[in-house]
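Proteins come first, then strands; the chains are lettered A, B, ... in the order of their sequence lines, and each starts at number 1.
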There are 2 protein chains.
Amino acid sequence: MEVPEVVVDRLPQYVRALRELRRRSHKVVSSTELGDLLQMTPAQIRKDLSYFGRFGKQGRGYNVESLLEQLKSILGLNRGWNLALVGVGRLGRAILGYPGFAPEGFHLVAAFDDDPKVVRQSFGGLIVQPTSQLAEEVAAKSIRIAIVAVPAAQAQAVADQLVSCGIRAILNYAPVAVQTPPEVKARTIDPVVALQSMTYYLTNESRRSASPKETPLRDESAARDARVRRAPERGKGGAP
Amino acid sequence: MEVPEVVVDRLPQYVRALRELRRRSHKVVSSTELGDLLQMTPAQIRKDLSYFGRFGKQGRGYNVESLLEQLKSILGLNRGWNLALVGVGRLGRAILGYPGFAPEGFHLVAAFDDDPKVVRQSFGGLIVQPTSQLAEEVAAKSIRIAIVAVPAAQAQAVADQLVSCGIRAILNYAPVAVQTPPEVKARTIDPVVALQSMTYYLTNESRRSASPKETPLRDESAARDARVRRAPERGKGGAP
DNA sequence: GTTTGTGAAGTATTTCACAGCC
DNA sequence: GGCTGTGAAATACTTCACAAAC
């Protein structure tokens with residue numbers, strides 16, 4: 001049974017939602033409720049979970065606490081992970097200062113840069129080392145995940161170096177698609193690309209009010225409306 | 001002819017690759033070359049482009065400069081876009097200082113926060129305004145895109161407010177899936193979620209060396225190898 | 001010779017719909 | 001009555017493969 005990558009990519013979202021439900025003291029949740037929270041269909045949630053086991057109870061739903069623990073275990077989140085950062089420029093320093101990693105078990109334990117202006121300096125409690133130290137530190141600190149925050153032109157070379165050091169996952173902040181062998185996972189974070197795909201829709205806004213072929217056969221619109229979609233609060237000034 | 005969202009999401013990557021090719025003075029590019037660069041199949045690139053027109057020449061490929069211009073026009077990138085930022089905490093300030101937006105035509109022209117410690121203060125050349133000013137500024141500066149950088153707990157309320165002001169696209173940095181009506185696009189940037197989906201593979205590494213059912217029928221592996229995949233450079237120290 | 005553009009074929013993913021259980 | 005888990009159906013997406021163009 002091979003789990004599709006899209007499914008794996010959704011699991012962290014389930015974890016997020018379940019934590020929130022736990023915070024609100026919900027003991028049990030149905031796939032419909034979870035779907036409302038995450039803007040997904042109940043069937044998708046049930047199908048996704050079914051790749052990993054049977055976690056629910058008919059007529060009741062899922063126990064929030066136990067489903068959360070199960071998913072954390074599946075994702076490997078019930079342990080800590082050491083991270084290396086390569087690139088300690090403006091962006092790299094912001095990443096070192098980002099408080100969102102540690103509470104999730106991601107610990108930045110080494111920082112690398114070859115710029116003489118930053119090497120040997122200390123940022124966020126870490127002394128910046130030259131990249132020549134990479135392999136040594138990766139081995140010494142059992143680092144399997146790296147964050148790349150170097151300029152685009154250097155990103156691929158850095159990724160190659162990381163791969164050769166045995167790194168198995170790369171979170172890339174450089175605006176290029178870095179290539180890795182299949183056994184090394186990579187994800188790129190690129191706010192500009194996200195903006196650029198949205199401007200397509202702002203530019204080509206003609207899909208609403210376009211002639212609907214016919215009334216949808218299935219209760220498609222009803223399903224859409226059934227999902228939670230909070231009514232916008234009115235801003236003080238009011239929009240034109 | 002309805003363009004799938006996955007296709008739109010790939011167009012910015014084509015733009016990136018074409019800019020790089022132009023920088024290297026390539027005049028023409030084939031779908032195969034582009035595919036090598038971006039780790040995609042040539043057929044996918046041709047099919048994607050075919051949703052928008054016929055841009056290539058048989059036997060030759062695509063003119064780099066003109067395909068670039070066409071794609072920029074399709075995405076609405078041959079103009080500037082004003083952006084509003086909501087949330088001027090640590091993350092918001094890093095965003096204000098990020099130099100990657102302006103060269104792509106994205107201009108942060110207003111910043112909002114209700115924290116008395118930052119309101120009226122100046123960051124990155126912008127004076128922080130209270131969110132009560134949102135609707136007014138959005139209208140005055142024709143802002144259609146907003147960046148949300150507030151804590152998770154406030155993100156949905158802020159998104160609702162933005163929607164009610166007429167904002168049409170939201171780039172959300174808060175670690176929650178914000179809900180928007182269908183006519184308002186939203187993208188969430190969440191490095192922790194990206195890391196959490198990768199740890200799944202680090203935790204469950206048993207898919208290689210697993211018995212291959214049989215030799216692939218089609219030249220699947222050949223196709224994979226055909227794509228550019230640069231050999232990792234050796235690090236100074238060498239990996240264990 | 002090369003490479004595009006595209007229907008058709010093949011996969012992948014999502015959704016349906018219902019038996020089974022609480 | 002409500003809800004899960006899941007094969008089957010439907011939809012979406014990718015890749016093939018080849019005629020047409022150069």
Side-chain angles (χ1 to χ4, degrees), chain A residues 1-11 13-14 18 21 26-36 38-64 66-67 70-71 213 216-224 226-227, chain B residues 1-11 13-14 18 21 26-64 66-67 70-71 213 216-227:
Chain A
M1 201 211 274
E2 187 62 53
V3 182
E5 183 147 349
V6 277
V7 172
V8 174
D9 287 350
R10 280 192 292 264
L11 299 184
Q13 320 233 31
Y14 299 155
L18 288 165
L21 287 165
H26 291 227
K27 296 296 177 226
V28 173
V29 67
S30 70
S31 57
T32 308
E33 293 171 301
L34 248 188
D36 288 348
L38 290 170
Q39 195 82 333
M40 291 175 195
T41 64
Q44 176 160 78
I45 290 167
R46 295 201 301 275
K47 177 67 99 180
D48 282 359
L49 297 178
S50 78
Y51 282 103
F52 304 98
R54 291 119 86 82
F55 305 118
K57 281 207 179 28
Q58 282 104 328
R60 276 180 159 290
Y62 301 88
N63 179 292
V64 171
S66 82
L67 180 56
Q70 295 273 6
L71 289 178
K213 288 186 184 62
L217 300 168
R218 207 57 70 170
D219 53 341
E220 202 183 276
S221 57
R224 200 192 325 286
R227 288 182 220 129
Chain B
M1 199 210 271
E2 186 61 54
V3 183
E5 184 147 346
V6 278
V7 172
V8 174
D9 287 350
R10 280 192 292 263
L11 298 185
Q13 320 234 29
Y14 299 156
L18 288 165
L21 287 165
H26 291 228
K27 297 296 178 224
V28 173
V29 67
S30 70
S31 57
T32 309
E33 292 170 304
L34 248 188
D36 287 348
L37 236 58
L38 290 170
Q39 196 81 333
M40 292 174 193
T41 64
Q44 176 158 79
I45 291 167
R46 295 201 302 276
K47 179 65 100 180
D48 283 359
L49 297 178
S50 78
Y51 282 102
F52 303 98
R54 291 119 85 82
F55 305 118
K57 280 206 180 32
Q58 282 103 328
R60 277 182 160 288
Y62 302 87
N63 179 292
V64 171
S66 81
L67 181 55
Q70 295 274 6
L71 289 178
K213 288 185 183 63
L217 300 167
R218 204 62 65 172
D219 54 341
E220 202 182 276
S221 57
R224 200 189 327 285
D225 293 346
R227 289 181 219 130

Looking only at atom types and distance, does a side-chain atom of A/E33 sit under 3.5 Å from a main-chain N or O of A/S30, one as donor and one as acceptor? yes

Is there a side-chain contact between B/R60 and the phosphate of C/dG1, meaning an N or O under 4.0 Å from OP1 or OP2? no

Give the rounded distance in Å between these two atoms: CE of B/M40 and P of D/dT14. 9 Å

Do you know the tightest heavy-atom contact between A/Y14 and A/Q44? OH-O, 4.2 Å

Any side-chain N or O of A/T41 below 4.0 angstrom from OP1/OP2 of C/dT15? yes

From the set C/dT13, D/dC13, D/dC3, return the single nucleotide nearest to any side-chain atom of A/V6. C/dT13

Measure from the side chain of A/Q44, starting at C-beta and using heavy atoms only, and say which of C/dT14, D/dT4, C/dT13 lies closest. C/dT14

Take atom CG of A/N63 and atom P of D/dT4, then tell me their distance rounded to the nearest Å. 13 Å

Rounded to the nearest 0.5 Å, the OG1 atom of A/T32 sits from the CZ atom of A/R46 at a distance of 6.5 Å

Separation of A/Q58 atom CD from C/dA17 atom P, in whole Å? 20 Å

A/L34/A/Y62 under side chain to side chain contact (heavy atoms under 4.5 Å, CB included): CA gap, chis, key distance, verdict: CA-CA 10 Å; A/L34 248 188; A/Y62 301 88; 5.5 Å; no

In residues 48-56 of chain B, which residues come under 4.0 Å of DNA chain D by heavy atom? none

Show your working on side chain to side chain contact (heavy atoms under 4.5 Å, CB included) between B/F52 and B/V3 and close with a plain yes or no. CA-CA 9 Å; B/F52 303 98; B/V3 183; 3.5 Å; yes

Considering only heavy side-chain atoms of A/K47, the closest of C/dT4, D/dT15, D/dG7 is D/dG7

Nearest-angstrom distance from the residue atom CD1 of B/I45 to P of D/dC16: 14 Å

Steps toward side chain to side chain contact (heavy atoms under 4.5 Å, CB included) verdict (B/L49, B/L71): CA-CA 9 Å; B/L49 297 178; B/L71 289 178; 4.0 Å; yes

To the nearest Å, how far apart are A/L34 CG and D/dC3 P? 13 Å

Quickly work out the A/L67 CG to D/dT4 C1' distance and round it to whole Å. 12 Å

Protein-nucleotide distance (A/K57, atom NZ; D/dT4, atom C1'), rounded to Å: 11 Å

Reported CG-to-CZ distance for the pair A/L38 and A/R10, which is rounded to 0.5 angstrom: 10.5 Å

Specify the residue among A/R46 and A/E5 whose closest nucleotide of DNA chain C lies further upstream toward the 5′ end. A/E5

Mind listing the closest non-hydrogen atom pair of B/V64 and B/L18 along with its distance? CG1-O, 3.5 Å

OP1 or OP2 of C/dT3 under 4.0 Å from side-chain N/O of B/S31: no

When we call it a touch if two heavy atoms are under 4.0 Å apart, what does B/T32 touch: a base, just sugar-phosphate, or nothing? nothing

Which one, C/dG5, C/dC18, D/dT14, comes nearest to the side chain of B/R10? D/dT14

Among the candidates D/dA20, D/dC16, C/dT15, find the nucleotide nearest to the side-chain atoms of B/A43. D/dC16

Please report, rounded to the nearest Å, how far the P atom of D/dA12 is from the CG atom of B/D9. 16 Å

